[in-house]
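Inspection log for the structure reproduced underneath, given as structure tokens.
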Amino acid sequence: MINQKTRYFVITTLFIAIVFLQIFVPWLGLLPLGAFIVGASVTIIQFTVAIIPRVLVGLIIGYLFNKLLRNQSTAIRTVGLGVLGTTAALINTVGVVLLTTLGFTIMHTNFTGVPTHNILAWLISIVSFNALFEMIVGFILVSIIGSVLLPIAERANIIG
């Protein structure tokens, strides 16, 4: 029992270290895609962090993985991980947009350039472009990283 808790502690510490790297190393948590004219960049830090939408990402994606992919073949799991990466990006984006809308509406916040009405439509118009790129990158990164980490975790008897 203590050994299992130690493993989870080590894994948690590893992810915290990854988050710190993504925060402090330029372009590691935010990948500019070269479309600077329209400002396209992909945020990838949500794949390792938690606040409300990000906690939901972990809970929902973890549940879906355990229910749908845990006992599948390697090929199905790899594609499934990609789909879960896309879903994670979508959950995070929708959660952030809804919570931001709620925050602006409840607190009647007004910033220069932020409309005082139709805030949800305004946020969706801004975020939807980046969301598409985040979902694509989520598919690729989660497929690759998950395919590498899952066998290692299973060999170490870490199953969550």
Side-chain angles (χ1 to χ4, degrees), residues 8-9 11-70 72 76-150 153 160:
Y8 282 115
F9 177 74
I11 295 296
T12 302
T13 305
L14 174 68
F15 278 108
I16 289 171
I18 291 170
V19 168
F20 281 137
L21 281 173
Q22 288 180 311
I23 290 170
F24 295 116
V25 175
W27 297 340
L28 199 53
L30 181 71
L31 300 174
L33 295 177
F36 293 108
I37 296 170
V38 291
S41 61
V42 174
T43 306
I44 61 171
I45 198 167
Q46 76 266 17
F47 300 114
T48 49
V49 177
I51 305 287
I52 293 173
R54 294 169 182 160
V55 168
L56 286 176
V57 167
L59 292 174
I60 293 169
I61 299 305
Y63 176 80
L64 290 173
F65 175 80
N66 284 325
K67 285 295 181 186
L68 303 174
L69 299 175
R70 170 72 61 196
Q72 297 295 329
I76 291 174
R77 262 190 359 188
T78 301
V79 173
L81 285 168
V83 172
L84 291 180
T86 301
T87 306
L90 186 62
I91 291 169
N92 183 66
T93 301
V94 169
V96 167
V97 166
L98 291 178
L99 287 175
T100 302
T101 302
L102 185 66
F104 273 90
T105 304
I106 290 175
M107 295 186 284
H108 303 289
T109 307
N110 189 10
F111 291 112
T112 303
V114 176
T116 55
H117 61 288
N118 269 347
I119 188 79
L120 180 60
W122 182 76
L123 283 170
I124 290 171
S125 69
I126 290 174
V127 171
S128 59
F129 184 69
N130 271 1
L132 292 173
F133 290 107
E134 288 180 5
M135 290 188 298
I136 292 167
V137 171
F139 185 93
I140 295 167
L141 285 180
V142 174
S143 293
I144 294 169
I145 295 169
S147 295
V148 171
L149 289 181
L150 277 173

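Residue indices begin at 1 and follow the sequence shown.
At distances below 3.5 Å, at least one donor-acceptor pair connects side-chain atoms of S125 with backbone N or O atoms of W122. At least one donor-acceptor pair under 3.5 Å links the side chain of N66 to the backbone N or O of G62. A donor-acceptor pair under 3.5 Å links the side-chain atoms of S143 to the main chain of T78, judged by distance alone.
For the atom pair I124 CD1 and I119 CD1, the distance stands at 10.5 Å (nearest 0.5 Å). Atoms CG and CG, on L81 and L149 in that order, are 10.0 Å from each other to the nearest 0.5 Å. In this structure, CD1 in I136 is found 12.0 Å from CG in L141, a value given to the nearest 0.5 Å. Between atom CG of residue L68 and atom CZ of residue R77 there is a gap of 13.0 Å, rounded to the nearest 0.5 Å. Atom CG of residue L84 and atom CG of residue L64 lie 6.0 Å apart, to the nearest 0.5 angstrom. Taking OG1 from T86 and CG from L132, the interatomic distance works out to 10.5 Å, rounded to the nearest 0.5 Å.
Here the rule is side-chain contact (heavy atoms from CB on, under 4.5 Å) with V57, and of I60, L59, I61 only I61 fits it.
Taking each heavy atom of L98 and L120 in turn, the nearest pair found is CD2-CD1, 4.2 Å. In terms of heavy-atom proximity, V79 sits nearest to F139 at O-CE1, 3.9 Å.
For the pair V96/V127, no side-chain contact is recorded, criterion being any heavy-atom separation below 4.5 Å from C-beta on.
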